**Student:** 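Got a structure here, written out as structure tokens. Questions coming.
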Amino acid sequence: MAANNSNRSDQQSDENTRLYNPYQNFEVPVKSQYLYKLPTSPEYLFTEESLKQRRTWGENLTFYTGTAYLGGSVSGATLGILSGVKNFESGDTTKLKINRILNSSGHAGRTWGNRIGIIGLMYAGIESGVVAATDRDDVWTSVVAGLGTGAVFRAARGVRSAAVAGALGGLAAGAVVAGKQVVKRYVPI
């Protein structure tokens, strides 16, 4: 009876693990006793961590800031290319035209990347703060983070500008979260 129960627990543990051979890239025969059984699911120190399916605040900060900077840089570089082409003069050589395009795209890409990267940084910080304060992660968390980001980004231009930017930021964040839910539901990926 005891042997039968131990076989069942071995079978269950075999389903939740995978064999790992540290010497797989080398043409070396390895006995099965030297293979490691690694778990297939993520490992957590505490069970509370496994219940939350969310990025940490540091991962969140890195993701939003990096994505915003990259998107802003690409958009700015595109606008810079258009601006450089628009500023061509009739007597410009090919080398001078390329120089104008590179200078204007580099300048605009840097400028837009920094501006939008800062917006991503503020959004990630505010969203992580709201999640830590309320211990909830839902649509309203994103809306509040967008509202706060818009208001803080335009706070130096006055109360009216901050209120308008906050409202636009909240609407934009809500639209992005709603769009994400629609894509998850209707687009089979």
Side-chain angles (χ1 to χ4, degrees), residues 40-87 98-189:
T40 56
S41 63
E43 294 182 17
Y44 296 101
L45 188 58
F46 302 107
T47 56
E48 295 87 15
E49 292 176 342
S50 66
L51 298 176
K52 294 184 181 182
Q53 298 295 322
R54 178 160 173 43
R55 290 188 294 260
T56 64
W57 71 271
E59 292 169 342
N60 211 13
L61 188 75
T62 304
F63 175 74
Y64 284 129
T65 305
T67 305
Y69 182 81
L70 180 65
S73 295
V74 170
S75 302
T78 304
L79 291 174
I81 289 171
L82 296 175
S83 172
V85 169
K86 194 184 296 184
N87 290 332
I98 291 172
N99 189 15
R100 275 186 207 270
I101 290 173
L102 290 175
N103 285 340
S104 63
S105 66
H107 177 71
R110 249 187 343 264
T111 303
W112 281 90
N114 288 336
R115 285 182 186 165
I116 297 177
I118 289 297
I119 291 172
L121 179 77
M122 285 190 292
Y123 180 81
I126 292 172
E127 185 185 38
S128 296
V130 171
V131 168
T134 62
D135 202 27
R136 286 185 355 199
D137 185 21
D138 55 2
V139 176
W140 297 109
T141 303
S142 298
V143 170
V144 168
L147 187 121
T149 300
V152 169
F153 187 69
R154 290 294 182 191
R157 294 193 178 189
V159 176
R160 182 176 177 182
S161 179
V164 169
L168 290 175
L171 287 173
V176 167
V177 171
K180 182 180 174 183
Q181 296 299 326
V182 167
V183 167
K184 275 185 179 180
R185 185 171 184 171
Y186 294 112
V187 177
I189 295 177

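Keep in mind that this is a model prediction, so the values were computed, not measured.
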**Student:** Minimum heavy-atom separation for Ser128 and Trp57, please, with both atom names.
**Tutor:**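 Answer, listing the atom of Ser128 first, then Trp57: OG-CB, 3.5 Å.
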
**Student:** Under the 3.5 angstrom rule, does the side chain of Asp138 hit a backbone N or O of Thr141 as a donor-acceptor pair?
**Tutor:**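 Such a contact is found between Asp138 side chain and Thr141 backbone.
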
**Student:** Within the side chain of Ser105, is there an N or O that forms a donor-acceptor pair under 3.5 Å with the backbone of Leu102?
**Tutor:**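 Yes; at least one donor-acceptor contact below 3.5 Å.
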
**Student:** Can Leu121 and Tyr64 be said to form a side chain to side chain contact (heavy atoms under 4.5 Å, CB included), step by step?
**Tutor:** CA-CA 7 Å; Leu121 179 77; Tyr64 284 129; over 6 Å; no

**Student:** Give a yes or no on whether the backbone of Leu79 and the side-chain of Ser83 come within a donor-acceptor separation of less than 3.5 Å.
**Tutor:**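 Not a single qualifying donor-acceptor pair exists.
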
**Student:** Can you tell me how far the OH atom of Tyr69 sits from the CZ atom of Arg110, to the nearest 0.5 Å?
**Tutor:**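 One gets 8.0 Å once the value is rounded to the nearest 0.5 Å.
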
**Student:** Which heavy atom of Val130 sits nearest to which heavy atom of Val144, and what is that distance?
**Tutor:**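 Residues Val130 and Val144, closest heavy atoms: CG2-CG1, 3.9 Å.
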
**Student:** Answer yes or no: is there a donor N or O on one side and an acceptor on the other, between the side chain of Ser104 and the main chain of Gly80, under 3.5 Å?
**Tutor:**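 Flag set: sc Ser104 to bb Gly80 pair under 3.5 Å.
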
**Student:** What's the shortest heavy-atom distance between Thr149 and Tyr123, and which atoms?
**Tutor:**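 In terms of heavy atoms, the two residues are closest at OG1-CA, 3.1 Å.
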
**Student:** Can you see which heavy atom on Ala155 is nearest to which on Ala162, and at what distance?
**Tutor:**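 Distance-wise, the nearest heavy atoms are CA-CB, 3.9 Å.
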
**Student:** Mind checking the OG1-CE spacing from Thr65 to Met122? Nearest 0.5 Å is all I need.
**Tutor:**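 Interatomic distance, Thr65 OG1 to Met122 CE, rounded to 0.5 Å: 10.0 Å.
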
**Student:** If you look at every heavy atom in Leu61 and Gly125, which pair is closest and at what distance?
**Tutor:**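 Here Leu61 and Gly125 meet closest at CD1-N, 4.3 Å.
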
**Student:** Just verifying a value: how many Å separate Ser142 OG and Ile126 CD1, rounded to the nearest 0.5 Å?
**Tutor:**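 Interatomic distance, Ser142 OG to Ile126 CD1, rounded to 0.5 Å: 12.0 Å.
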
**Student:** Compare every heavy atom of Ile116 with every heavy atom of Gly72, then report the nearest pair and how far apart it is.
**Tutor:**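 Result for this residue pair: CA-CD1, 3.9 Å.
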
